[in-house]
Amino acid sequence: MKRLRIVGECLGVALACALAGLAAEAVYRLYLNGRYEHMASAAKGSWVVLPDDPRGYALPPSHTGTATFLVDTTKSFGYTTNAAGYRDREWAQNRTGIPRVLVVGDSYAFGWAVAAEEAFPRQLESILTERGRLTEVLNGSVPGYGTVEELEVVRELVPLLSPDLVVLAYVMNDAEPIGTVPLPPKRTYQGCLLWSWEDLKQQVNSRLLPERWELSLCKKVNDFNYLKGFSQNSPKWRRSHAALEAMAGFCRQRATPLLLVVLPDFYFPLDGRYPWPAIHATVDRWGAELRIETVDLLQQFLATHAPYGQFRVEGDGHPNAAAHHRIAELLAPEVERMISARTPAT
């Protein structure tokens with residue numbers, strides 16, 4: 001009887017601890033949701049927050065705004081969006097017979113810290129036109145998006161605009177979760193049993209453990225060491241790969257060719273010190289496995305032997321106008337070849 005009483009008491013203590021833990025977890029979730037509502041409210045104006053949309057946020061339509069450089073925050077640049085909420089002229093849904101190319105990407109293709117006409121989609125259009133291939137190049141890029149969000153852009157815009165070619169600009173952080181606008185907790189902790197436990201593990205990793213001993217996280221965390229997102233145990237690369245696979249399948253169903261363009265990270269020196277060749281190789285392999293036309297521009301930029309900073313916006317880490325022009329020059333032959341297979345020259 002005594003043994004049974006001790007067991008019963010232990011079970012009671014365990015149950016009380018479990019209930020207290022669940023109560024604490026519930027309170028913690030209420031706190032995180034409240035904090036998200038406050039942060040999302042502060043982001044409104046510059047962004048349209050979409051908590052129930054896989055994209056998480058979008059640019060405001062018909063908007064004139066100013067954005068701050070990422071390094072030198074005393075500098076800024078202006079931008080405008082069209083009625084669809086993209087940094088481009090207004091789009092006509094009715095086709096005129098001119099080949100149409102849709103560029104989808106993040107801040108690189110958007111043209112962060114450069115003028116709209118300096119971004120490579122607009123420069124690509126100019127180069128093709130100068131070569132006698134009159135082409136309409138539309139810019140469907142949003143700063144901070146990764147492959148997961150870009151898939152949703154393709155699903156939205158391809159049926160609307162009926163492009164002859166989709167160009168996806170893949171950047172080294174495209175497997176990372178978005179960090180421009182706070183994610184809803186239900187998306188940040190999607191699939192996680194205990195949100196409090198995930199945050200505790202994150203604190204232990206950052207404060208106590210060396211990188212090789214870090215605890216695995218279910219929570220989506222943005223990390224500037226992009227190689228960790230492509231490690232064998234990371235779910236980030238699997239999400240990015242799955243989104244790319246879904247995008248390729250969607251474009252095939254619509255009979256719309258897809259061109260995957262892998263861009264270098266212009267924040268780093270484009271020489272032997274460049275840290276991300278392994279990511280380039282991985283994404284190139286994905287393109288081959290998924291039967292996607294793929295162009296990786298890393299080697300072409302390495303071959304320029306340009307001094308550090310030549311292709312980077314001063315006071316920021318994004319490509320400058322010269323880099324955008326070079327990207328457009330390198331893409332033009334591939335784009336012309338792919339649209340020529342579908343449309344006669346104009």
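Just so it is clear, the structure is predicted and the values come from calculations on it, not from any experiment.
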Student: Among all residues two or more places apart in sequence or in another chain, which pass the salt bridge (charged side-chain N to carboxylate O under 4.0 Å, His left out) test with D88?
Tutor: R122
Student: If the threshold is 4.0 Å, N to carboxylate O, is there a salt bridge linking R55 and E156?
Tutor: yes
Student: Ring-plane angle category for W91 and Y86, please: parallel below 30°, perpendicular beyond 60°, tilted otherwise.
Tutor: parallel
Student: Salt-bridged, E149 to R187, with N to O below 4.0 Å?
Tutor: yes
Student: Ignoring hydrogens and geometry beyond distance, is a side-chain donor-acceptor pair present between Y28 and D199 at under 3.5 Å?
Tutor: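 Judged by distance alone, the side chains do pair up.
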Student: Between K228 and E176, does a salt bridge (charged side-chain N to carboxylate O under 4.0 Å, His left out) hold up when you go through it step by step?
Tutor: CA-CA 10 Å; K228 291 170 64 175; E176 295 294 321; over 6 Å; no
Student: So, S141 versus N139: side-chain donor-acceptor pair below 3.5 Å or not?
Tutor: yes
Student: Would you say the side chains of S340 and R133 form a donor-acceptor pair under 3.5 Å?
Tutor: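 Yes, because at least one side-chain N or O of S340 sits under 3.5 Å from a partner of the opposite role on R133.
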Student: If you measure from the Lys or Arg side-chain nitrogens to the Asp or Glu carboxylate oxygens, is any gap between K186 and D52 under 4.0 Å?
Tutor: yes
Student: Within the 3.5 Å criterion, strictly below it, is a donor on S240 or Y170 matched to an acceptor on the partner's side chain?
Tutor: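 Yes.
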Student: Does the ring centre of W112 sit less than 6.0 Å away from the ring centre of F266?
Tutor: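 Between W112 and F266, which both carry aromatic rings, the centre distance is not below 6.0 Å.
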Student: Examine Y108 together with H318 and report whether their ring centres are nearer than 6.0 Å.
Tutor: yes
Student: Using the side chain to side chain contact (heavy atoms under 4.5 Å, CB included) criterion, which residues pair with A119? Sequence neighbours excluded.
Tutor: P121, H324
Student: Measure the shortest side-chain to side-chain distance between Y79 and T66 over non-hydrogen atoms and say whether it is less than 4.5 angstrom.
Tutor: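 Contact flag for Y79/T66 side chains = no.
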Student: Would you mind checking if E125 and R89 are paired as a salt bridge, meaning a charged N to carboxylate O distance below 4.0 Å?
Tutor: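 Answer for the salt bridge query: yes.
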Student: Sequence neighbours left out, what pairs pass side-chain hydrogen bond (donor to acceptor under 3.5 Å, both in side chains) with at least one residue falling in residues 276-285?
Tutor: D265-W276, Y274-H280, H280-D296
Student: Please verify the inter-ring angle class for H241 with W237; under 30° counts as parallel, over 60° as perpendicular, anything in between as tilted.
Tutor: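 H241 vs W237 ring planes: perpendicular.
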